[in-house]
Every structure is written in C-alpha cells, then in structure tokens.
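Written out below as structure tokens is the structure these notes cover.
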Amino acid sequence: MQLYSLCFILDRAGSSSGHRTGRDPVSIIERAEVLVTSPGRNFVTLRITTSDGVTGLGDATLNGRELSVVAYLQEHVVPLLIGRDPQKIEDTWQYLYRGAYWRRGPVTMAAISAVDIALWDIKGKITGQPVYQLLGGATRVGALAYAHASGSDLPSLFTSIRNHLDQGFRAIRVQTGVPGLGQVYGVGTNQKVGEKYDYEPAKRSTVPLEEEWDSAAYLQHIPAVFEAVREEFGWSLPLLHDAHHRLTPNEAASLGKSLEPYRLFWLEDCTPAENQEALRRVRSQTTTPLAIGEVFNSVFDYQTLITEQLIDYVRSAVTHTGGISGLKKIMDFAAIYQIKSGFHGPTDISPVGQAAALHLDLAIHNFGIQEYMQHSAPTLEVFQTSYTFENGLLHPGDNPGLGVEYDDALAGTFEYQPAYLPVNRLALDGTLHDW
Ligand code: CS2
Ligand code: MG
C-alpha cells in the first residue's frame, strides 16, 4: 500500500486554515502524514509535525474500514490542520466536530480522535510531561488489565487461562466455542502451554468470512462454562465475558440472570445498544454488571445508558470516541452516575491508541479495568512503546507525550491488505445475524 503522506510546507504569508483565535502561535502545524502499515493487521496512523519539528502520533485505525478514515483524513482534515496552533487541542476538536456539519459516526470520530491524540502527544513533548500528568496526574499506581482467554472446549480454555495467569494477569475474559457450531467470535486457536494467545478476527480477504450462530445453543452452554471455570480457578479471579451484540434484550436478561451465581466482573455487549432503552429490560432482570460501548463514537450513544445507570462500565476506545479529549468528557459525565471505565484494547487498537488509553486510565478517578490483548512482535517493532505490564497492572511510562515512536522504514515494508471482520449467519436458516 502506498504510504499516504500529505506534507504542506507552510506559506508564512498565511495559514491554509484561515483561523484567527487569540495570539499568534509560537509554533504551528506544518506537516500531517496519514501512514498505513500492516504488520500482521492493518493500522492507520496520523503523524502531525510542528514548525519546531515536534511530532505527535494519533491512531486512526477502524478495523475493516481503514481506508475510509485514510480518505477522510487526507481529503478533509489534513488540509485544515496546516497552519493551526498545535496547542489548541480543544479548539481544533470543536473545529473538526462542529465544522464538519455532518456530525458523529465511526469514520468522522476516528479521524477526530487521531488528531486529538496526536495533539496531546505534541503537548506532552512540548511541556516535557507524560500525557497523564497534563490530565491531572496519576490517581493510581497502574491500570488493572484483563486478558482474552479462549478455547474450543474446556481443557483448551483452562490452558489459555493458565497461560495468562502465568503472564501475571489478574483478570480474565472467558470465551469458548459452542457445541454444534464452527468458529464463533472471540475463540482463538487453542493455545499450547506457554504459547501466546493468537486471535485476529479481521481476516485478510476481499470479502468478509462467514461464521454461524445459534443463540439457544450458546445460552444453554455458557453457564456451565463459568461453573467449571469457578470450580477450577476459584472465586477471587475477576471473570469477564463478551456476548458481542448477539442476543435480544430478553435473551440478554436471561443470560445475565443465569450467570449471577458465578459473579462476573462484567457481561459485555449483551445486546445491540443503539436502542439504549433495550437495556432497561436487561437491567431490571439481572444484577450481573454490564459493559457496553466499544462500537459507540459519541456521548449521545451513552446518554440514556448513563443517566439511567443501565450500565456499569463504559467500553469505548479512545480512538473511536473523540480521542483523549472526547473520552475524558464521557468519563467525567459517567462519574456522576458511578459508572467506571473499561476501555477497549484489542489488537485493532494500535499501540498508539493503547498508550493513549493508558494515560487516561491513570488520570481519571472512575477507572474500572483496561482490556489488554497484547500486540504481535512485528507490530511492536513498528510501534516502539514505553508502556509496561507488571503485577497485572499497566502503566503508560513517563516519557513526554504518549511514549510511542513509529519506525517508518519498517512500517513501509508491511503493505496494506484488505481485511474484513466476519459476518454471522444463523446455523438454522442462514439469516444474517450480529457477529
Ligand atoms: C471485542 C473486539 O475486544 C473486544 O471486546 O469486542 O475484539 C472486537 O471484536 C474488535 O475490536 C472488532 O474489531
Ligand atoms: Mg467486545
């Protein structure tokens, strides 16, 4: 994939963005590059460079729709950034959000998120501070992480759980195959003892792969899985589960109720939540904690869920909900209703996005837990990170900014390849179902 980069050399006679708010900036945005690389999976990164040569990175990856964000950035955002004051993060956010006229949506908000994250990276470098210090400093020594454990059956699931416990994880998400069904969401290849978890649902293909589904078989199967896991691993290990949008509100209520004896840390995406009121049904039937929001991209997607306390955790990715600025506003709103964070952190959030999430995790008071799926070795060679994972806790590190560097030469050797998330069809009759 050709490296997209748009370099506007500023004409001192005037900026291309035509803004005039306040004093003339000390330095301005001089270059913005949209970088695509694919070390095992596709990533889109925005790099902003100021006239002082300070660079900031933003994660613009939208899994399976990457090139739509590339185009949005390249055609409609980068030209507006050149000449702007890189320190005016909030004004730039509002300029790109309100100025677009066509508000919200995953593509627009992924682009705005990337700009926001890159500008916080720059502000950290200019001030010599890690971003979390600029957000009010640390309110915890580290962010509790949870791992993805899975298996096609109980023995392989137990091996996967043990592998992650041996790595130091202190919270585990549990996903298994469903008897009678083929590949389903969240079940990676069965791990051998000590083997790294490997699951990339967005397979490189020109059309989405198809998986099959049967909600009745799944609802029948899952409670016994958690009974066995509690039997094997005890009651102090926080366990999470992702229903991945595949149930009706009534099915979700039934699942939440059937899992109550196993005291989950959370049940995630139990039912599609565009219809936020659907969660009233689930909430009224079960005390199993609920996490929702990884496909959301604005505070309005949460408004009923938060004000009616229909969820316990905000699942958004910092890369899909307006960046550090956007997600922090949502978390400050959620804090009023005693709702905590559970930020999205699969491998389709790049190390830049993961680092941005960790700075927020450290700074906000209403932190809950952080997803940590661990990127592949090639990915971590392209993106050199400073975040650490010790004793089950993640820390972003104390380098100025986000603490991530990007290796252009290596990134350029990994060509973009089309890749799509799967689609789901009912095993019974092929009806298209939520994946
Ligand atoms: C999943 C994601 O991590 C999760 O909770 O829901 O892995 C999701 O399937 C992917 O981010 C889709 O790209
Ligand atoms: Mg999920």
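Quick caveat: nothing in here was measured; it's all calculated off a predicted structure. Counting convention: from 1, in listed order, for ligands and their atoms alike. When a residue number appears, it is its place in the shown sequence, counting from 1.
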Nearest-neighbour protein heavy atom for atom 3 (O) of ligand 1, which is reported as residue plus atom name and distance: E371 OE2, 2.4 Å
Result of checking I330, V314, N366 against I339 for side chain to side chain contact (heavy atoms under 4.5 Å, CB included): V314
The Mg ion (ligand 2) - number of protein N/O/S atoms closer than 2.8 Å: 3
Test item: I48 and T55 side chains (from C-beta on) under 4.5 Å apart, heavy atoms: no
Heavy-atom check, side chain of F43 versus side chain of Y416, under 4.5 Å: no
Test item: F343 and L327 side chains (from C-beta on) under 4.5 Å apart, heavy atoms: yes
R31 side chain near R47 side chain, heavy-atom distance below 4.5 Å: no
Atom 13 (O) of ligand 1: nearest protein contact (heavy atom, Å): N63 ND2, 2.8 Å
Candidate list T49, L81, V54, L119, test side chain to side chain contact (heavy atoms under 4.5 Å, CB included), partner P86, passing option: L119
Nitrogen or oxygen atoms of Y146 and ligand 1 under 3.5 Å apart: no
Close-contact set for ligand 1 against H148 heavy atoms, below 4.0 Å: 3 (O)
H395 side chain near L362 side chain, heavy-atom distance below 4.5 Å: yes
Contact (N/O only, under 3.5 Å) between E268 and ligand 1: yes
N or O contact, D269 vs ligand 1, cut-off under 3.5 Å: no
Heavy-atom side-chain contact between T139 and F367 under 4.5 Å: no
Identified side chain to side chain contact (heavy atoms under 4.5 Å, CB included) partner of C270 from the options L279, L255, T248: L279
Ligand 1 atoms in contact with D242 (distance to a heavy atom under 4.0 Å): 1 (C), 4 (C), 5 (O), 6 (O)
Nearest-neighbour protein heavy atom for atom 12 (C) of ligand 1, which is reported as residue plus atom name and distance: L421 CD1, 3.7 Å
Test of ring centre spacing under 6.0 Å for F296 and Y302: yes
Heavy atom of the protein closest to atom 9 (O) of ligand 1 (residue, atom name, distance): H244 NE2, 2.9 Å
Non-hydrogen atoms of H359 and P130 that approach each other most closely: CE1-CB, 3.9 Å
W213 and Y218: CA distance, side-chain angles, deciding distance, ring pair (Phe, Tyr, Trp, His ring centres under 6.0 Å) verdict: CA-CA 8 Å; W213 183 247; Y218 165 75; 4.9 Å; yes
Identity and separation of the nearest protein heavy atom to atom 1 (C) of ligand 1: Y185 OH, 2.9 Å
contact_flag M373 ligand 1 heavy-atom lt 4.0 Å: no
Protein heavy atom at shortest distance from atom 10 (C) of ligand 1: D348 OD1, 3.5 Å
Atom 6 (O) of ligand 1: nearest protein contact (heavy atom, Å): E294 OE2, 2.5 Å
